[in-house]
Amino acid sequence: MLDLRLVTDKLEDVKRRLSLRGPVKDAERLAELGARRRALIRDSESLRHEQKLAGERMKDLLKSDPTGAQTLRLELKEKSARQKQLDDEIKQLETELEELLLFIPNLPHETVPPGTSSEENPVVRAVGQAPAFSFTARPHWDLGTELGILDFERGAKLSGSRFTVLWGAGARLERALIQFMLDLHTREHGYTEVLPPFLVQREAMAGTGQLPKFEEEAFKTTAPEYFLIPTAEVPVTNLHRDEILDGARLPLRYVAYTPCFRREAGAAGRDTRGLTRQHQFDKVELVKFADPRTSYDELERLTADAEDVLRRLGLSYRVVALCGGDLGFSAAKTYDLEVWMPGQGRFVEISSCSNFEDFQARRARIRFRRESSAKPELVHTLNGSGLAVGRTLAAILENYQQADGSVTIPEALRPYTGFERIGK
RNA sequence: GGAGAGAUGGCCGAGAGGCUGAAGGCGCUGGUUUGCUAAACCAGUAUACGUCGAAAGAUGUAUCGGGGGUUCGAAUCCCCCUCUCUCCGCCA
């Protein structure tokens, strides 16, 4: 959520910065309503002030002059009614303002490159060498099916398309990856592990920006209503909702493993094969709460922490900076990590690292105090996948495949899998 | 699921229609005293939104779990909701 003050007071600025994302809607109306709200508040408050002053006279009058008290009472009754009417109007206005504001995306950071689609995302760096094969590399869904570790048919039988069953070494590899990533981030990168609920309430989803705009993307239960988390970002960021954090302890760094649930409503027909786009997948997520002054340094570090997973697994990848048109709703700046998938001959997103600045913090009221006597300020929130586990598993299958269809396990992972290769 | 109790500031805890942003205590911050520390004493110690101001700040309004109602006036009275605790039942 943007700062209403900023929108009303610096409308042109806001519009210019938003236009990097595409056409701007509603900003004008927002500024207008914001100005009207202020005027109404002024009127209501001065009326209320008069009432309070008169109220103090009332008590004396009640003793000394009953008739006068009666007159005053009638007068105040009318004033009170008028003021309540104003308050109703203000409330209505604020509801409308909130609704508009919740649908306006975050302002892109100055360094966000121009562009309208993912094709225009500049490559920031490329790391590692794509493996050279003496045979034609195959996609992970073929390899995994032949090895008997990925079972798409039975996934579909149980739950429909975009669900997969992992067997034996596949299940073990998934679990090994989760463990490996959590250990790396907690032991070497200074993150605190947290295991949050996988079902959250509407307000948590709104806090991080998934709602109200993207409700059709989420799975939810009814009576009682719960949302299945689309990413650990939701519960972990909301851990500190309505809190004032100690500035001396920033940045807070959390890492969480959770399954993630997504409708993929807008992705019909895309990535229908393999593990790339599932309704349910595992992810290890990095989340930070940072001082606004250093949040962009923290973004670089967080991205490096995610990259470290790929590097240790010996997977080649590139880092792209999302352009204005490709930037997510809540993000001010995002780097995507794309892993090379030799079996598909393309790069696939495996992590998305973003600085949300104060956008989520304002929605979720997450603040900090710089000094014990200072006024609370909004924190900056950041997060990034570290990494998407299913896609990592797929990348390992494709990058470490052998001519005979077996797959060797990256060195770093072997203590976790307990085996060095997966064969038939 | 059944029965009961409760929710007040960073924390504990008074208050039972007006003068209560809210006694008292603890904590915290600053000061005095003081070889140092501690103790003692004094002062300060919420948030949001308005208005004025370049700013520091001044000032107004709101806020006693949330929402609604009664009233000239609600922390205080009434209604609804949420959460917490205790006991019973059930359950991984």
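No experiment lies behind these values; they were computed from the predicted model shown. Within every chain, numbering begins at 1; the chains are lettered A, B, ... in the order of the sequence lines, protein sequences first and strands thereafter.
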### Task
Write down the distance separating the C1' atoms in B:rG10 and B:rU47, rounded off to the nearest Å.
13 Å
### Message
With the threshold set at under 4.0 Å for non-hydrogen atoms, list the residues of residues 87-102 of chain A touching RNA chain B in residue-number order.
### Response
A:Lys91
#### Entry: Whole-angstrom distance between B:rC64 and B:rU8, as gauged at atom P
12 Å
### Message
Can you tell me if A:Lys375 touches the phosphate of B:rA48, counting only side-chain N or O atoms and a distance under 4.0 Å to OP1 or OP2?
### Response
yes
### Task
Could you verify whether a donor N or O on one side chain and an acceptor N or O on the other, from A:Glu285 and A:Thr258, lie under 3.5 Å apart?
no
### Message
When the P atoms of B:rG68 and B:rA75 are compared, how many Å lie between them, rounded to an integer?
### Response
14 Å
### Query
What nucleic acid atoms does A:Lys79 come within less than 4.0 Å of, heavy atoms only: base, sugar-phosphate, or nothing?
nothing
### P spacing across the pair B:rU84 / B:rU76, given as an integer number of angstrom
23 Å
### Query
OP1, OP2 of B:rG18 versus side-chain N and O of A:Lys52: anything below 4.0 Å?
no
### Query
Taking the same atom, P, in B:rA55 and in B:rA39, what whole-Å distance lies between them?
41 Å
### Query
So which of residues 33-43 of chain A are in contact with RNA chain B, with a heavy-atom cut-off of under 4.0 Å?
A:Arg37, A:Arg38, A:Ile41, A:Arg42
### Task
Check every atom of B:rA62, B:rC72, B:rG60 against the side chain of A:Glu45 and return the nucleotide holding the closest atom.
B:rG60
### Rounded C1' spacing from B:rA14 to B:rA23 in Å
6 Å
### Query
Distance only, no hydrogens: is a donor on one side chain within 3.5 Å (strictly under) of an acceptor on the other, for A:His189 and A:Asp308?
yes
### Query
What integer number of Å spans the P atoms of B:rC42 and B:rG24?
12 Å
Check nucleotides 73-78 of chain B for protein N or O atoms closer than 3.5 Å to its own N or O atoms and list the pairs.
{"unit_1": "B:rG73", "atom_1": "OP1", "unit_2": "A:Ser80", "atom_2": "OG", "d": "2.9"}

### Message
Please give the distance between the C1' atoms of B:rU70 and B:rG18 as a whole number of Å.
### Response
16 Å
